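Since we're looking at a predicted model, the values are computed, not measured.
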Amino acid sequence: MADPKGFMTTPREEWPRRPVEERVRDWDEVYVPGALLPIVTKQADRCMDCGVPFCHDACPLGNLIPEWNDLVSREDWRAASDRLHATNNFPEFTGRLCPAPCEAGCVLAINQPAVTIKNVEVAIADRAWTDGFAPPRPPDRLSGRTVAVIGSGPTGLAAAQQLTRAGHTVAVYERDDRLGGLMRYGIPEFKMEKRHLERRLEQMRAEGTKFRTSTTVGRDIGAAELRARYDAVVIATGATAWRELDVPGRELTGIHQAMEYLPLANRVCEGDLAASPLSAAGKHVVIVGGGDTGADCLGTAVREGAASVTQLDIYAQPEAERDEDAEPWPTYPKIYRLSAAHEEARDLETAPSAHADARLFAASTLHFEGDGDGHVRSLHLVEVDARRRPLDGSGRSLPADLVLLALGFSGPDRADGLIDQLGLAMAPRGTVTRDADFATSARGVFVAGDAARGQSLIVWAIAEGRAVAAAVDRYLTGSSQLPAPIGPYDRPMTV
């Protein structure tokens with residue numbers, strides 16, 4: 001604990017964002033470059049090194065947060081990087097994309113603003129790359145065992161890196177033309193520039209991990225054939241079966257799933273397209289769904305030059321402060337948060353018919369109406385109470401040339417035949433079942449991440465990848481020294 005009084009003398013200060021008018025004209029990350037390092041050491045001083053650090057339990061990775069906070073406050077970046085990478089394969093991803101349940105569990109957050117754990121984490125990660133503290137770590141010797149990992153999202157990449165470093169020969173199969181899963185085509189560039197992903201992939205290649213892109217297991221290669229080719233298989237395909245909105249008018253042209261819309265914008269940033277075929281430019285856009293994916297659509301539509309953008313959230317607007325009775329510390333509270341995209345929409349006044357930040361809360365879609373050509377032109381909604389019952393006289397209509405459905409995901413997509421070809425047992429909610437060792441009903445086949453857990457956070461995805469790697473290593477060799485931060489039935493802290 002470098003400064004015993006740091007939490008009393010230093011206020012919370014976060015990584016500043018670039019001015020809205022500047023950042024909406026490009027796709028670069030929203031934060032001011034270079035503005036984090038000058039403030040982060042004093043912010044790390046705010047960590048109390050409390051006797052029972054609940055931030056450890058709030059994060060499924062078990063990150064050693066007080067330890068690397070202390071090291072950053074002393075500007076020992078190499079040691080901080082070592083402690084950070086001891087529990088997290090990809091801190092540059094989580095430091096940008098995770099909603100930071102660790103900060104909700106910070107002991108200081110009981111009566112003060114929490115330590116800026118997420119900012120300290122990303123500062124360490126970026127400094128590690130700048131100063132060469134994250135070199136490839138190839139194994140000293142090979143085990144002679146082979147593993148196929150299906151899916152290159154955070155779970156698949158974490159599992160592949162752990163197993164490669166343990167000495168196994170690992171090949172990652174990805175159905176898209178580029179690696180990264182939702183981090184590649186689901187996360188907009190302004191939230192995480194893809195150079196961070198490319199840098200980590202190069203590290204993994206140097207360690208010995210093999211990658212096979214544009215290969216759909218179950219279609220381009222049979223699942224049974226793949227299983228016969230490898231000693232073990234890890235399914236890390238994620239939960240990509242999106243939820244639908246079954247209301248009248250859904251068949252109209254111009255209504256798309258968020259994951260049909262976002263990948264095209266990312267492909268423009270990759271240089272594959274000059275413009276997105278679903279561009280929001282000049283259109284009245286309505287986003288159905290109040291979560292992070294909806295906010296990603298919001299920020300994307302603003303940058304594409306939409307005429308207006310409105311986001312619908314079926315839940316009531318949350319309070320600004322934690323409700324200690326309903327969601328006591330250290331659980332992750334549902335409070336009002338202003339993402340970068342909502343800040344942009346507020347300042348640019350993209351939705352004159354909505355609340356200040358472009359969101360309409362407690363709003364449920366009733367139906368769509370179109371023009372004579374079958375294209376959507378308006379969305380009809382109604383306000384609802386806490387039990388989602390319509391409120392009389394609250395119906396209204398919004399202009400809508402483009403509607404984006406951001407309603408979440410129910411489980412893995414079965415259209416490619418992977419699950420059925422292996423004969424895997426499924427849970428009623430649409431996820432793949434597994435036992436305490438992450439094993440499926442097919443011998444030698446393991447499953448991790450959203451495909452088994454259901455839609456979750458990136459920190460849980462990486463924790464699942466690390467844990468399934470330990471299970472596979474144990475299956476192949478009889479024992480394992482790899483860390484397993486969580487079990488398959490662990491869940492976030494809730495009331």
Handout entry: Cationic N near anionic O, under 4.0 Å, Arg453 to Asp490
Key = no
Completion exercise
In short, Cys269 meets Glu189 closest at the heavy-atom pair SG-CB, 4.1 Å
Practice task
Could you tell me whether Lys191 and Asp292 have a side-chain N and a carboxylate O separated by less than 4.0 Å?
Solution key: no
Practice task
Over 60° means perpendicular and under 30° means parallel, so classify the ring planes of Tyr230 and Tyr173, tilted if in between.
Solution key: perpendicular
Exercise for the section: Determine, for Tyr315 and Arg388, whether the Lys NZ or Arg CZ falls below 6.0 Å from the six-membered ring centre while staying within 45 degrees of the axis. Expected result: yes
Exercise for the section: Could you tell me the separation between the CG atom of Leu422 and the CD1 atom of Ile235, rounded to the nearest 0.5 Å? Expected result: 5.5 Å
Problem - Glu202 bridged to Arg205 by N-O distance under 4.0 Å - result: yes
Exercise for the section: Examine distances only and state if a side-chain atom of Glu174 and a backbone atom of Gly151 form a donor-acceptor pair shorter than 3.5 Å. Expected result: no
Practice task
Check the pair Val30, Arg18 against side-chain contact (heavy atoms from CB on, under 4.5 Å), reporting the backbone distance first and the verdict last.
Solution key: CA-CA 6 Å; Val30 300; Arg18 295 187 290 139; 5.6 Å; no
Exercise for the section: Using the six-membered ring of Phe446, assess whether NZ or CZ of Arg434 lies under 6.0 Å from its centre and within 45 degrees of the ring axis. Expected result: no
Problem - Heavy-atom closest contact (Glu369 atom, Leu252 atom, distance) - result: C-CD1, 3.6 Å
Exercise for the section: May I ask you to say whether Asp28 pairs ionically with Arg23, meaning some side-chain N is under 4.0 Å from a carboxylate O? Expected result: no
